[in-house]
**Student:** 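Before we start, here is the structure in question, set down as structure tokens.
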Amino acid sequence: MLRGKHILLGVTGSIAAYKAAILIRTLVREGAEVRVVMTPLAKEFITPLTLATLSRHPILVDFFDPEDGRWNSHVSLGEWADAYVIAPATANTLAKMACGIADNLLLTTYLSARCPVFVSPAMDLDMYAHPATRANLDKLRGMKVTVIEPGEGELASGLVGKGRMAEPEEIAEAVGTWFRNQKKKNLHGRRLMVTAGPTREAIDPVRYISNHSSGKMGYALAEELAARGAEVYLVTGPTNLPVGKGIHRIDTVSAQEMYEKACEIFPQTDGAVMCAAVADYTPAEVSDRKIKKEDGSWSLELRPTHDIAAELGRIKENRLLVGFALETDHERLNARSKLERKRFDFIVLNSLRDAGAGFGVDTNKITILERDGSCTDYPLKSKREAAGDIADKIEKYLS
Ligand code: CTP
């Protein structure tokens, strides 16, 4: 995600400075080269030796080396960096940044940096909620600094509330997302629909039939397509996932509801990606009262639902239609048969036999099969990265 990127990490004097060590490891693992600048007070919270060892670079604190007078140039540091991440950022440092005060190397570097700047505030809940801090953060946002919101939880003071520095993974993700979003908006002007999540088929007011789909893959794809400039319509079954800004979310519950919404939206789009795990059957009758337990076995009559993808395949004309297939055996054979049957342009295959692929997890291992007979295997990746591979293919088909 951050391969080859130069990340300058600014560490200020907060208890959360210990997380800087984990953040360096996370950034390095993502492929970044990391250099660290600390405020003098930050050295009281974590030693430069620890951070130098993890980043494999000497730590910069002072304007010059008192031993030999060597100058630590804030200008060349700012030029070196592709991103400047200040984590943890104390209320004091945020206030100085907002006012342009430059009384340490971390701050002079901020003023001369031309790269994107991220701050990850860490402080007590009352300091975070104070109008002065809120105003400073707003001012920084206005200066295009990305504020990575702190989390809620137990704070070093023993109080519980908002002010806890974001976790290192969240910070790395925020920086990675920023770089990804800088990619050319190749899908600008395109409208795309994504179906996602499971459906729920009611048996009675209390019970339903569903499946293990979490919706993560479909949501990751919706985010990726939107990041590339597409106007995205996410027709989703019930999930607990939040949806990013700018994505039109259309909530549905049953296969019938999803079918109706998808058929309504599809003709207004350039194409659709069918990620939803739609129930193939639904109870023939839905009881309006709770069904009571009786002795002996019980059977439920099911009738088939609409195959949404097959219907869209029938009416697609020159629109793009991408399918998904989650298989447990004869994977390629089954996927190719679905590709033909539902008139997909290409199909994304997941095998439940692959570790790290399937329901609920954050990773996926996909194979893309196309109508010309080609078949591309991708290594295990995060769902967001897998979404990037699928989006690359969508771009190719739409260009
Ligand atoms: N699909 C759909 N509507 C359905 C069933 C499936 O839109 N009622 C879509 C899925 O979103 C996916 C593709 O069709 O893109 C393949 O789904 P899958 O459940 O694997 O296919 P089925 O045809 O249901 O085959 P089976 O369950 O027998 O494997």
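In listed order, ligands and their atoms are each counted from 1.
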**Student:** Okay, side chain of D82, backbone of H6: is any donor-acceptor separation there less than 3.5 Å?
**Tutor:**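 At least one qualifying donor-acceptor pair exists.
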**Student:** Determine, for K396 against D345, whether the closest basic-nitrogen to carboxylate-oxygen distance falls under 4.0 angstrom.
**Tutor:**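 Salt bridge: no.
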**Student:** Please list the nearest protein heavy atom to atom 6 (C) of ligand 1 with its residue and the distance rounded to 0.1 Å.
**Tutor:**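 I find the closest protein heavy atom is K342 NZ, 3.5 Å.
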**Student:** Report yes if some N/O of G323 lies less than 3.5 Å from some N/O of ligand 1; otherwise report no.
**Tutor:**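 Looking only at distances, the answer is no, because the N/O contact criterion of under 3.5 Å is not met.
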**Student:** If you measure every N/O of I308 against every N/O of ligand 1, is any gap under 3.5 Å?
**Tutor:**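 I308 vs ligand 1: N/O contact under 3.5 Å present.
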**Student:** Does E224 pair with R228 as a salt bridge, N-O distance under 4.0 Å?
**Tutor:**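 Salt bridge between E224 and R228, a charged N being under 4.0 Å from a carboxylate O: yes.
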**Student:** On the six-membered ring of Y128, is R134 placed so that its NZ or CZ lies under 6.0 angstrom from the centre and within 45° of the ring axis?
**Tutor:**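 Flagged: R134 positioned over aromatic ring of Y128.
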**Student:** Ignoring angles and geometry beyond distance, decide whether T195 reaches within less than 3.5 Å of ligand 1 through its nitrogen or oxygen atoms.
**Tutor:**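 There is no such contact.
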**Student:** Return the residue, atom name and 0.1 Å-rounded distance of the protein heavy atom closest to atom 15 (O) of ligand 1.
**Tutor:**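 Ranking protein heavy atoms by distance from atom 15 (O) of ligand 1, first comes M274 O, 2.7 Å.
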**Student:** For atom 27 (O) of ligand 1, is the nearest protein heavy atom under 4.0 Å away?
**Tutor:**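 Yes, there is a protein heavy atom closer to it than 4.0 Å.
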**Student:** Consider ligand 1: state whether an atom of it lies below 4.0 angstrom from any non-hydrogen atom of H306.
**Tutor:**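 True for this residue.
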**Student:** Give the C-alpha distance, both sets of side-chain angles, the deciding distance and a yes or no for salt bridge (Lys or Arg N to Asp or Glu O under 4.0 Å) between R164 and E154.
**Tutor:** CA-CA 8 Å; R164 215 163 97 149; E154 200 176 320; over 6 Å; no
**Student:** Give the atom numbers and elements of ligand 1 that come within less than 4.0 Å of a heavy atom of D280.
**Tutor:**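 Counting from 1, the qualifying ligand atoms are 5 (C), 24 (O), 27 (O).
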**Student:** To the nearest 0.5 Å, how far apart are CG in L234 and CD in E223?
**Tutor:**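 One finds 8.5 Å between CG of L234 and CD of E223.
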**Student:** Under 3.5 Å between any N/O of V278 and any N/O of ligand 1: does that happen in this structure?
**Tutor:**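 It does not: no N or O of V278 is found under 3.5 Å from an N or O of ligand 1.
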**Student:** With a cutoff of 4.0 Å, is A276 in contact with ligand 1, counting heavy atoms of the residue only?
**Tutor:**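 Flag set, A276 near ligand 1.
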**Student:** Of the protein's non-hydrogen atoms, which lies at the shortest distance from atom 20 (O) of ligand 1, and what is that distance?
**Tutor:**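 Atom 20 (O) of ligand 1 sits closest to the protein heavy atom K338 NZ, 2.6 Å.
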**Student:** Select one of side chain, backbone, both or neither to describe which atoms of A309 lie under 4.0 Å from any atom of ligand 1, heavy atoms only.
**Tutor:**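 Both the backbone and the side chain of A309 come within reach of ligand 1.
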**Student:** Are side-chain heavy atoms of L302 and I209 found at a separation under 4.5 Å?
**Tutor:**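 Yes, side chains in contact.
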**Student:** Assess whether a salt bridge exists between K5 and E30, defined as any Lys/Arg side-chain N lying under 4.0 Å from an Asp/Glu carboxylate O.
**Tutor:**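 Answer for the salt bridge query: no.
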**Student:** Considering only protein heavy atoms, which is closest to atom 12 (C) of ligand 1, and at what distance to one decimal place?
**Tutor:**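 For atom 12 (C) of ligand 1, the nearest protein heavy atom is F324 O, 3.0 Å.
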**Student:** Please answer whether the main-chain N or O of G271 pairs with a side-chain N or O of T269 as donor and acceptor at a distance below 3.5 Å.
**Tutor:**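 Flag set: sc T269 to bb G271 pair under 3.5 Å.
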